[in-house]
Protein chains: 2
Amino acid sequence: MNLTFRQLKVFEAVSRHLNYTNAAKELHLSQPAVSMQIKQLEEQVSIPLIEKMGKKLYLTEVGLEMQDYARSTMQQLLDLEETIAQMKSMKRGHLKLAVASTANHFVIRLLARFAKVYPKISISLDVTNRSSLLELLKKNECDLVIMGRPPEGYNLQSAPFLENPLVVVSNPHHYLADKEHVSLEELEKEDFVVREQGSGTRSAAKRFFTEHNLTFKTKMDMSNNRAIKHAAEEGLGLAIVSVHTLEIELKAKTLKILNVEGFPIFRNWYVVQREGKRLSPIAKVFNDYIIQEADNMMLNFDIPHF
Amino acid sequence: MNLTFRQLKVFEAVSRHLNYTNAAKELHLSQPAVSMQIKQLEEQVSIPLIEKMGKKLYLTEVGLEMQDYARSTMQQLLDLEETIAQMKSMKRGHLKLAVASTANHFVIRLLARFAKVYPKISISLDVTNRSSLLELLKKNECDLVIMGRPPEGYNLQSAPFLENPLVVVSNPHHYLADKEHVSLEELEKEDFVVREQGSGTRSAAKRFFTEHNLTFKTKMDMSNNRAIKHAAEEGLGLAIVSVHTLEIELKAKTLKILNVEGFPIFRNWYVVQREGKRLSPIAKVFNDYIIQEADNMMLNFDIPHF
DNA sequence: ATTATACATAAACAAAACCTTATGATAAAC
DNA sequence: GTTTATCATAAGGTTTTGTTTATGTATAAT
């Protein structure tokens, strides 16, 4: 059976008017054109849909069924058009986002604002580590990723959109905590609690030490930023973390930023996508949004500025 | 927007395989044919549905929406086909019947049997008087009508399918009730309770009297067969009614059939339709069914035979 | 009986849809 | 680098679809 939407449309008009001529007028067709469409439809289902008794037309039982079908199909088509139109205009849609766990905090703030502007957008946010993020990009399982500087050679397209100041923190009772200036020599003597191999923060810190010809004593590594901060709180060592993750700890005074020579290290947060990926309309808007709004928004953060 | 079922079908296959070549094989098409269908569909909605990244295909957000739509639309089409097939094979359908109120009783028996054979058929039964029946036929508001002999000049097609014996009944205590033979002369002296003008039973009785040169004393006329029988029970007069309506009264012995010369008058029940009406499959089957089965079935009736 | 109205049918034509083969481009696998 | 797999594009031709005009037929109204 091979119906066409056209046949259904014509049939629906005829079934409504019960009059070929008027249906033809409505559809801006000639009367025979309507006759033929109906005839073809009847051939498809090989059973009469309309019967003519005297001058009047009646729908047969199957005709009534077909009328229901035609109407529901056409309604569905309208719904589809509506949905697509909304998606195009970004009134609706779905945004699949993944962020580095260290970026979680401020990305949520960004999202909260964004969601207010586009209330019908739904969002999935995957918070995970750097290597999983790269995996997600490779499998094309998300629209955009927010992370530190992405590695070369992955066919990625990225744009920095926010400064990411890395600072050294310690337990407030640490002996360096109250010093006005901490020199690099003093820093070198300390043990550090760091993220796992592959972490952007870790490699940035490592690079800093290497560039200044210092050894970097990593006493412990952990895969979770919260755990690192907790370790520092407990006095297991110093930690080098993004200021953006410190809001609560600074407020609660469980950690203190050390005023170390050469710190903060300014790195950037990047919004990353697969090279050549055609972003969905909503993803494109979000991409532009964060590049434009992020800095602006950070002014409202209750965290130290440098 | 003017999609085609073909586009949807091809798109669905592609969205399932995420591979044009395999989809083409499934559809017994060349690969470019598939490419073109997808391209046209994308042009219709003027937004990409599929994106190719490297060698892999992915559905865009709108593509996912379209996949849902395609599937549901195709499912609906299958449902429609199924429904139509069932209607054709009479596994399903609706039968609109109207019967003369005097035929009500035995028609219900017929229907009960018929419904057992075609359990998914639904039936409307309109029980009404003769003139309403003719009106229903004229307006094409029912498939078949069961009534006495239909009048000429209404463009009707009819077939007799069951004898309708008319008998004279009275209160059991009536002085004629116990006579072995009642002559026409004796009958002529009696008063009768009859149906309204236009009733088939009434005109049959009238004809009988006229043919035998007798006067027909109609003391009272009523529009309801039950009322007539009740009047006879109460001794208001004799009544001429179809045996088929007497089952209960005979069993309860509230009425008695008089053994009158020339009675019963044999008339027929007819199944009637508009001339030229193409019956629905189920109506056609019912029509044939009652013509074939009615006599047979009456053998099981617990009523007198002649 | 005549006329008006409405659907059916036929013929002819135009447009479009659709498919195939051949070829090109790109990316992944070897 | 070469090969292989996969999709895109182009060209060509066939089929199908969709129209229109003209005409036929049946019904209902006058």
Side-chain angles (χ1 to χ4, degrees), chain A residues 1-11 13-44 48-60 63 137-140 153-156 274-278, chain B residues 1-11 13-44 48-60 63 137-140 153-156 274-278:
Chain A
M1 204 152 76
N2 198 12
L3 315 184
T4 68
F5 279 108
R6 166 138 229 156
Q7 285 164 1
L8 291 181
K9 189 161 190 179
V10 172
F11 176 78
V14 171
S15 75
R16 187 154 29 81
H17 287 105
L18 288 175
N19 179 311
Y20 284 49
T21 310
N22 294 345
K25 276 177 195 157
E26 177 183 311
L27 298 164
H28 302 290
L29 290 178
S30 64
Q31 170 261 311
V34 172
S35 284
M36 290 176 88
Q37 292 290 339
I38 300 296
K39 197 178 168 191
Q40 283 172 15
L41 185 58
E42 288 184 332
E43 270 166 24
Q44 291 294 328
L49 300 172
I50 292 178
E51 64 176 343
K52 192 186 169 189
M53 311 221 42
K55 240 175 189 172
K56 274 201 179 134
L57 298 184
Y58 300 91
L59 293 182
T60 65
L137 283 167
K138 189 177 167 197
K139 289 191 191 157
N140 197 26
Y154 273 77
N155 293 334
L156 298 174
R274 283 182 66 142
E275 200 169 74
K277 176 165 174 83
R278 270 186 301 197
Chain B
M1 202 152 75
N2 199 11
L3 315 184
T4 68
F5 279 106
R6 165 131 237 169
Q7 285 164 1
L8 291 181
K9 188 162 190 178
V10 171
F11 176 78
V14 171
S15 75
R16 187 155 28 82
H17 286 103
L18 287 175
N19 178 313
Y20 284 48
T21 310
N22 294 344
K25 276 176 196 159
E26 176 183 310
L27 299 164
H28 303 291
L29 289 177
S30 65
Q31 168 264 312
V34 173
S35 286
M36 289 173 90
Q37 292 290 337
I38 300 296
K39 198 177 169 191
Q40 282 171 16
L41 185 58
E42 288 183 331
E43 270 166 22
Q44 290 294 329
L49 300 172
I50 293 178
E51 64 175 346
K52 191 185 170 188
M53 310 222 43
K55 235 174 193 173
K56 274 202 179 130
L57 297 184
Y58 300 92
L59 293 182
T60 64
L137 283 167
K138 188 177 168 196
K139 288 191 191 155
N140 197 26
Y154 271 78
N155 293 335
L156 298 174
R274 282 181 67 140
E275 201 169 75
K277 177 166 173 81
R278 271 186 301 198

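What you are looking at is a predicted structure, and each value in this text was computed from that prediction instead of being measured. Sequence lines set the chain letters: A, B, ... in the order given, protein chains first and strands last, and positions in each chain run from 1.
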Q: Would you tell me if any nitrogen or oxygen in the side chain of A/Ser30 comes within less than 4.0 Å of OP1 or OP2 on D/dT19?
A: no

Q: Please test B/Phe11 against B/Leu3 for side chain to side chain contact (heavy atoms under 4.5 Å, CB included), starting from the C-alpha separation and ending with a verdict.
A: CA-CA 11 Å; B/Phe11 176 78; B/Leu3 315 184; over 6 Å; no

Q: Identify whether any heavy atom of B/Thr21 sits under 4.0 Å from a base atom; if not, whether one sits that close to sugar-phosphate; answer base, sugar-phosphate or nothing.
A: sugar-phosphate

Q: Please state how far atom CD in B/Gln37 lies from atom C1' in D/dC7, giving the value in whole angstrom units.
A: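 Result: 16 Å.
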
Q: Mapping B/Asn22 and A/Gln7 onto DNA chain D by nearest heavy atom, which one lands closer to the 5' end?
A: B/Asn22

Q: Please find the pair of heavy atoms, one from A/Gln7 and one from A/Leu41, that lie closest to each other, and give the distance.
A: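 Of all heavy-atom pairs spanning A/Gln7 and A/Leu41, the closest is OE1-CD1, 3.6 Å.
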
Q: Can you tell me the distance, in whole Å, between the CD atom of A/Gln40 and the C1' atom of C/dA10?
A: 15 Å

Q: Determine, stepwise, if the pair A/Ile50 / A/Glu42 fulfils side chain to side chain contact (heavy atoms under 4.5 Å, CB included).
A: CA-CA 9 Å; A/Ile50 292 178; A/Glu42 288 184 332; 4.1 Å; yes

Q: Does A/Gln31 make a side-chain donor-acceptor contact with the base of C/dA6, cut-off 3.5 Å?
A: no

Q: Expressed as a whole number of angstroms, how long is the span from A/Glu43:CD to C/dA8:P?
A: 13 Å

Q: Nearest-Å distance, CG (A/Leu41) to P (D/dG18)?
A: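 Answer to the nearest Å: 12 Å.
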
Q: Of all heavy-atom pairs between A/Thr60 and A/Pro48, which one has the smallest distance, and what is that distance?
A: OG1-O, 2.9 Å

Q: When the distance from CG of A/Leu49 to P of C/dC7 is rounded to whole Å, what number comes out?
A: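 Result: 16 Å.
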
Q: Can you tell which of C/dT21, D/dT6, D/dT21 lies closest to the side chain of B/Pro32?
A: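 Of the options given, the side chain of B/Pro32 lies nearest C/dT21.
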
Q: Tell me the closest heavy-atom pair linking B/Leu137 and B/Arg274, and the distance in Å.
A: O-CD, 2.9 Å

Q: Provide, to the nearest angstrom, the distance between the CE atom belonging to A/Met36 and the P atom belonging to D/dT19.
A: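 From A/Met36 CE to D/dT19 P: 10 Å.
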
Q: Could you check how far CG of B/Leu27 sits from P of C/dC19, rounded to whole Å?
A: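 Rounded to whole Å, this separation is 9 Å.
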
Q: OP1 or OP2 of D/dT9 less than 4.0 angstrom from a side-chain nitrogen or oxygen of B/Lys39, does that happen here?
A: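 It does, given that an N or O in the side chain of B/Lys39 lies less than 4.0 Å from OP1 or OP2 of D/dT9.
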
Q: Roughly how many Å is it from CG in B/Leu57 to C1' in D/dC7, rounded to a whole number?
A: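 It works out to 8 Å between those atoms.
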
Q: As a test of reading the structure: which of D/dT19, D/dC7, C/dT20 is closest to the side chain of A/Ala33, going by heavy atoms?
A: D/dT19

Q: If you assign each of B/Ser35 and A/Arg6 to its closest nucleotide in DNA chain D, which residue comes earlier from the 5' end?
A: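 The residue closer to the strand's 5' end, by nearest nucleotide, is B/Ser35.
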
